[in-house]
Amino acid sequence: MRRGIPRTIAVLLALLVFVCGAFTYLDMYVEEEEEEIGSVTLQFWYTDSSMTSYYNNAASYFNKRNEGITVVPVLADSSEYLDDIYNASVAGTDYPDIYVISDVSLGKAYLAGLTVPVTDEEMEDQFPFVALTAVTYEEKIIGYPFYFDTSTLVYNETYLQQIANGETDPVGDEDSDSEETAAAEEEQTSEEGTPEGETAGESETAEEETVLTVEDLVPETVDDLLTLASNYNAPDTVESLFKWDVNDVFYNYYFVGAQMTVDGSVSSDVDINTEGAISCLEIFQQLTEFFYIDPDEVDADSILEEFLEGKVLFTILDTSHALELEAAAEEGIMEYAYGYSVIPDPTQSLAGAALAVTETVVVNGYTEYAQAANAFAKFLTCEYAENLYANTGHISANSQAEKITELEQVFFREYERSTCLPKNPAAGNFWMLLENTFSNVWEGESIESELITLEDAVKAQYAVQ
């Protein structure tokens, strides 16, 4: 018995050593596995080469703050961008974990399995409704709004100030002797004196209250614009009171943007031939009588050039052309003061809504590291968004990112009330169809007939998806 006890103890000690060794090995294995999972390299694809420096800086800053995660920006070819993402993802090699894409292509990306639903509860606090709409498909938020492009009204502030100051001839007085008229009015006033019951001080106060300002002359509706055209003459150097690229649906869309529904998934969700759309296109068509613009002789570049030369009082510019205007002003090429305002509504009762295209940051449905990828996507579009405009000229879609310049502020106001193009792949050519509709209406074709044709075409596309 006594001889068996040491043997038993020896066996027990051996088992203890084995078990301890096993647990030590298991701990080492778990630690190595956790370290391997924690050391993540994420590919971040984009196509805009002008953003390379910005993305590299953002990734570097994110990597330093998130130990174990390395984001690698990759400039990709834009020609077959989404197809390349899909093919690489299916092959499982060198595919992006995160990528930048326009909201117009989100539907196709979703159907290809290239998106991950975003469940962040802070999204509504970070982005306006239009931005969330831009990244929503099949009632799921599938991306992070990044930056946007839309259009807004730009005006020559120098000229408007001259009009407000009465430095231009009144309408209808171009051929009369304005000096003699002014002298006669002054003489009549001196003979009649101050009207009975009104002191000189009260008269001066009333006169001061009626002084025009530039803000008074910036139109809020198309009617305001036409009233300005009817009652005031622009300076002699102005060739067009209001001129924009009537060929491009991007600038025309605000006339009907708030009056039709097109971003559905079935044909029953499409409502294009509405009373509001008809009324707004009637106003659009009538503008040819006041501001005739030959579609064959204009484009956005030429109109910007005319605005820089002081030949146009009001125009509509998109974000990229507005940045060209800013650059021209800094270089001294633009000699006039200018300002931005939201595009005038068709009427007081019929709202306008410009078209907006939103660039989005999307987490690939094929990634093995969705949590880390979402962290970078949120960082890029939220926390790091403060640096976007100053470094790239792009305006953040994030409502919490401070908008410092007038350009940023007005374009964001326009963005908040804008609308998006359909994301459903079945309506992929809606842009071209609508552009053809505007062109025909501008040339005098039947508005209702054009809208019926457009609606039938879109419904047919949804019906066969």
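- Looking only at atom types and distance, the side chain of Asn374 has a donor-acceptor partner in the side chain of Tyr144 under 3.5 Å away.
- A distance-only check finds no donor-acceptor pair linking the side chain of Asn165 to the backbone of Glu167 [under 3.5 Å].
- Separating the CD atom in Glu455 from the OG1 atom in Thr261 is a distance of 10.0 Å, to the nearest 0.5 Å.
- If you check the side chains of Asn233 and Thr168, you find no donor sitting under 3.5 Å from an acceptor.
- Taking the centre of each ring, Tyr415 and Tyr147 stay at or above the 6.0 Å mark.
- Thr347 contributes a side-chain N or O that, together with a main-chain N or O of Ser349, makes up a donor-acceptor pair within less than 3.5 Å.
- Checked against a 6.0 Å centroid threshold, the rings of Tyr99 and Phe44 do not count as neighbours.
- Summarising the geometry, atom OG belonging to Ser341 is positioned 6.0 Å from atom CZ belonging to Arg413; distances are rounded to the nearest 0.5 Å.
- Using modelled atom types and a 3.5 Å distance limit, the side chains of His394 and Asp149 yield no donor-acceptor pair.
- Donor-acceptor pairing under 3.5 Å is lacking for the side chains of Gln400 and Asn398.
- Under a cut-off of 6.0 angstrom, the local environment of CD in Glu445 is crowded, with over 12 non-hydrogen atoms contributed by other residues, nucleotides or ligands.
- Between Asp48 and Ser50, the side chains place a donor N or O and an acceptor N or O closer than 3.5 Å (distance only, hydrogens not considered).
- Here the straight-line distance linking atom CD of Gln461 with atom CG of Asn424 works out to 9.5 Å at 0.5 Å rounding.
- In summary, the aromatic rings of Phe284 and Phe438 are positioned with their centroids under 6.0 Å apart.
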With side chain to side chain contact (heavy atoms under 4.5 Å, CB included) as the criterion, how do Leu434 and Val249 come out once you've worked through the C-alpha distance, each side chain's angles and the decisive distance to 0.1 Å?
CA-CA 7 Å; Leu434 185 59; Val249 68; 3.6 Å; yes
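- For the residue pair Thr213/Asp216, the side-chain donor-acceptor check at 3.5 Å is satisfied.
- Side-chain polar atoms of Glu408 and Thr405 form a donor-acceptor pair below 3.5 angstrom.
- Summarising the local packing, NZ of Lys403 is surrounded by more than 12 heavy atoms from other residues, nucleotides or ligands at distances under 6.0 Å.
- Remark: Lys378 does not engage Glu383 in a salt bridge, criterion side-chain N to carboxylate O under 4.0 Å.
- Between Lys423 and Thr136, the closest heavy-atom pair is CE-O, 2.7 Å.
- More than 12 heavy atoms of other shown residues, nucleotides or ligands fall within 6.0 angstrom of atom CG in Asp301.
- Partner of Trp442 under the ring-ring contact (aromatic ring centres under 6.0 Å, His included) criterion, chosen from Tyr251, Phe255, Tyr292, Trp244: Trp244.
- Inspection of the Tyr159 and Thr237 side chains reveals an N or O donor paired with an N or O acceptor under 3.5 Å.
- Within 6.0 Å of atom CD in Glu335, 12 or fewer heavy atoms from other residues, nucleotides or ligands are found, so the atom counts as exposed in its surroundings.
- Between the OH atom in Tyr338 and the CG atom in Leu308 there is a gap of 9.0 Å [rounded to 0.5 Å].
- No salt bridge links Asp269 with Lys459; every basic N to acidic carboxylate O contact stays at or beyond 4.0 Å.
- Inspection of the Ser53 and Asn56 side chains reveals no N or O donor paired with an N or O acceptor under 3.5 Å.
- Summarising the geometry of Glu414 relative to Ala354, their closest heavy-atom pair is CG-CB, 4.1 Å, with the distance given to 0.1 Å.
- The side-chain heavy atoms of Ile101 and Trp45, taken from C-beta on, include no pair separated by under 4.5 Å.
- Atom CD of Glu386 sits in a crowded spot, with more than 12 heavy atoms from other residues, nucleotides or ligands closer than 6.0 Å.
- What you find for Leu433 and Ala457 is that their closest heavy atoms are CD1-CB, 4.0 Å.
- Taken from CG in Leu451 to OG1 in Thr274, the straight-line distance is 7.5 Å, to the nearest 0.5 Å.
- The pair Lys311-Glu309 meets the salt-bridge criterion, since a charged nitrogen lies less than 4.0 angstrom from a carboxylate oxygen.
- When all heavy atoms of Ala59 and Phe376 are compared, the pair lying nearest together is CA-CE1, 4.1 Å.
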For a side chain to side chain donor-acceptor pair (under 3.5 Å) check, start with the C-alpha distance between Ser60 and Asn57, then their side-chain angles and the critical distance, and finish with the verdict.
CA-CA 5 Å; Ser60 176; Asn57 290 335; over 6 Å; no
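- A distance of 15.0 Å separates OH in Tyr253 from CD1 in Ile316, rounded to the nearest 0.5 Å.
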